[in-house]
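Reading through the structure tokens given below for one structure.
Just so you know, these numbers use all the heavy atoms, side chains as well, and skip hydrogens, waters and symmetry mates. Predicted, not measured: the structure shown is a model, and the values here were computed from it.
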Amino acid sequence: MIQEAMQELKRGCVEFIGEEYIQTLVQRFYESGERFCVKAGFDPTAPDLHLGHTVLLQKLATFQRYGGNVKFLIGDFTATIGDPSGKSETRKPLSKEQVEANALTYKEQVFKVLNPKHTQICFNSKWLSELGAGGIITLTSKFSVARMLERDDFTKRYSNNQPISMVEFMYPLLQGYDSVALNCDIELGGNDQKFNLLVGRSLQRSYGLKKEQSVMTMPLLEGLDGVNKMSKSLNNYIGVTESANTMYAKILSLSDEMMWRYYELLSALSLQEIAALKEQVNNAQAHPKAIKEQLALEITTRYHSIDLAKQAKIAFDNVFSKDEIPADIPTFKDNNGEWIAKVLVNARLCESTSQARRDIRAGALKINKEKITDENLKLSVGEYIVQIGKRRFAKVIIS
């Protein structure tokens, strides 16, 4: 049983430092019911979470099943500094008002994954604001500049004569101090956070906690393009707060290969259950689309409900199997005589007029279900259902 638990805990992780300690904690939980402290920090840099963020949430939920009490840490103090991890320049800090607004939405979203009974939402301003000048000076004395410059992004910037502010050196120290304040046993983070997580281990020793937190790093989930990490700025994301229909359709758009990556990092199915699904596909006992539908139903149910997930499946099947038009497409207004490429951009169906022209030449454009190949078309007054490819729709009103 312990080995099965450890297998699930290690699932999908990039690196696991202090595995023996975690195994001891899990074994103690099974023997005595004593729980242990698992922490993950989230800077409230955007108002909504996407599935990339939930990779950590899913891992936290797994730890809860095997004895973890989760400290979901909202970095309201550190967000006003700006995390430099992986950045080639100083990141702009957030205002206090932005932090508070974003933190509120995080609190509303995390319990779609985490068990509230074993979750405590914390704000690091509680202890970092109380450190004071003396506490900050003591904190900086625990770490050397030489060790700080071992961090890859700092090394590159220093070598390239790019500025590094002193406040950026403070960020890993403050994040590490969070682990001291919370007396953490384990900390999770993205694989770009390894240095900061290890600072927490070092500071726990320095402050006399008589333990070193174990560290687990998780991969950055690829977005819908299957290449770049999931990001709103790249428009390759699946938002936690998106409608059930949109979420379901986006998951169905994943490639068959990428589907397994999402299963591993996001599904609540066990590794054995996922392996059984793979075997069904490999033996032609199940079509990849059917297995992908299971994943889409599972994730859409998690963030909405089983009824809405089933309705999303019906809506998707109607649109793509029966060539029907979705019921909830967005509406945009444009002017008489507007060039079709510009209309497609204004309706957010294409990123640029050059992309629109390429899509039209490729035969991807339909207007009122009729294929259009004239890239110089200008729309006159009226209402049109405009479609690019199989799943991008908009109602366009020309006035």
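Of all non-hydrogen atoms in Leu220 and Asp192, the two that sit nearest each other are CD2-OD1, 4.2 Å. In terms of heavy-atom proximity, Phe123 sits nearest to Ile121 at CE1-CG2, 4.0 Å. Annotation for Leu139 and Tyr207: closest pair CA-OH, 3.5 Å, computed over non-hydrogen atoms. Considering every non-hydrogen atom in both Asn236 and Asn228, the closest pair reads ND2-O, 3.4 Å. Between Arg65 and Phe29, the closest heavy-atom pair is O-CE2, 4.1 Å. Listed here is the closest heavy atom pair of Pro219 and Cys13: CD-CA, 4.4 Å.
A distance-only check finds a donor-acceptor pair linking the side chain of Lys211 to the backbone of Asn183 [under 3.5 Å]. Judged purely by atom type and a 3.5 angstrom limit, Ser270 uses its side chain to pair as donor or acceptor with the backbone of Glu273. In this structure a side-chain-to-backbone donor-acceptor pair under 3.5 Å is present from Asp185 to Cys37.
In the model, Gln27 has a side-chain atom that pairs as donor or acceptor with a side-chain atom of Glu31 under 3.5 Å. Defined by atom type and a distance below 3.5 Å, a donor-acceptor pair is missing between the side-chain atoms of Asp307 and Gln311. A donor and an acceptor atom, one from each side chain of Gln64 and Thr119, are located under 3.5 Å apart. Defined by atom type and a distance below 3.5 Å, a donor-acceptor pair is present between the side-chain atoms of Arg358 and Gln355. Donor-acceptor pairing under 3.5 Å is recorded for the side chains of Asn196 and Gln193. A donor and an acceptor atom, one from each side chain of Lys39 and Ser179, are located under 3.5 Å apart.
Rounding to the nearest 0.5 Å gives a distance of 9.5 Å between CZ of Phe36 and OH of Tyr21. Summarising the geometry, atom CD belonging to Gln294 is positioned 13.0 Å from atom CD1 belonging to Ile251; distances are rounded to the nearest 0.5 Å. Thr24 contributes atom OG1, which lies 10.0 Å from atom CD1 of Ile2 (distance to the nearest 0.5 angstrom). In this structure, NZ in Lys292 is found 10.5 Å from CH2 in Trp260, a value given to the nearest 0.5 Å. How far OG1 of Thr301 is from NZ of Lys112: 11.5 Å, rounded to the nearest 0.5 Å.
No more than 12 heavy-atom neighbours from other residues, nucleotides or ligands sit within 6.0 angstrom of NZ on Lys310.
Remark: Arg205 engages Glu212 in a salt bridge, criterion side-chain N to carboxylate O under 4.0 Å. Glu293 has a carboxylate O that lies under 4.0 Å from a charged side-chain N of Lys289, or vice versa, which qualifies the two as a salt bridge.
Counting only heavy atoms from C-beta outward, the side chains of Met218 and Leu265 approach each other to under 4.5 Å. For the pair Asp178 and Trp127, the minimum side-chain heavy-atom distance is below 4.5 Å. By the 4.5 Å heavy-atom criterion applied to side chains, Ile186 and Gln213 are not counted as neighbours.
Ring geometry for Tyr106 against Phe42 counts as perpendicular: the plane angle is over 60°, on a 0 to 90° scale with 30° as the lower cut.
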Is there a side-chain contact (heavy atoms from CB on, under 4.5 Å) between Gln109 and Tyr303 once you walk through the steps? CA-CA 9 Å; Gln109 294 166 32; Tyr303 296 105; over 6 Å; no

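Two rings, from Phe169 and Phe143, have their centers 6.0 Å or more apart.
Geometrically, Lys250 engages Tyr237 in a cation-pi contact, judged by NZ or CZ lying under 6.0 Å from the ring centre and within 45° of the ring axis.
Side-chain heavy atoms closer than 4.5 Å link hydrophobic residues (I, L, V, M, F, W, Y) into clusters, and following such links, even through other members, never connects Ile329 to Ile397.
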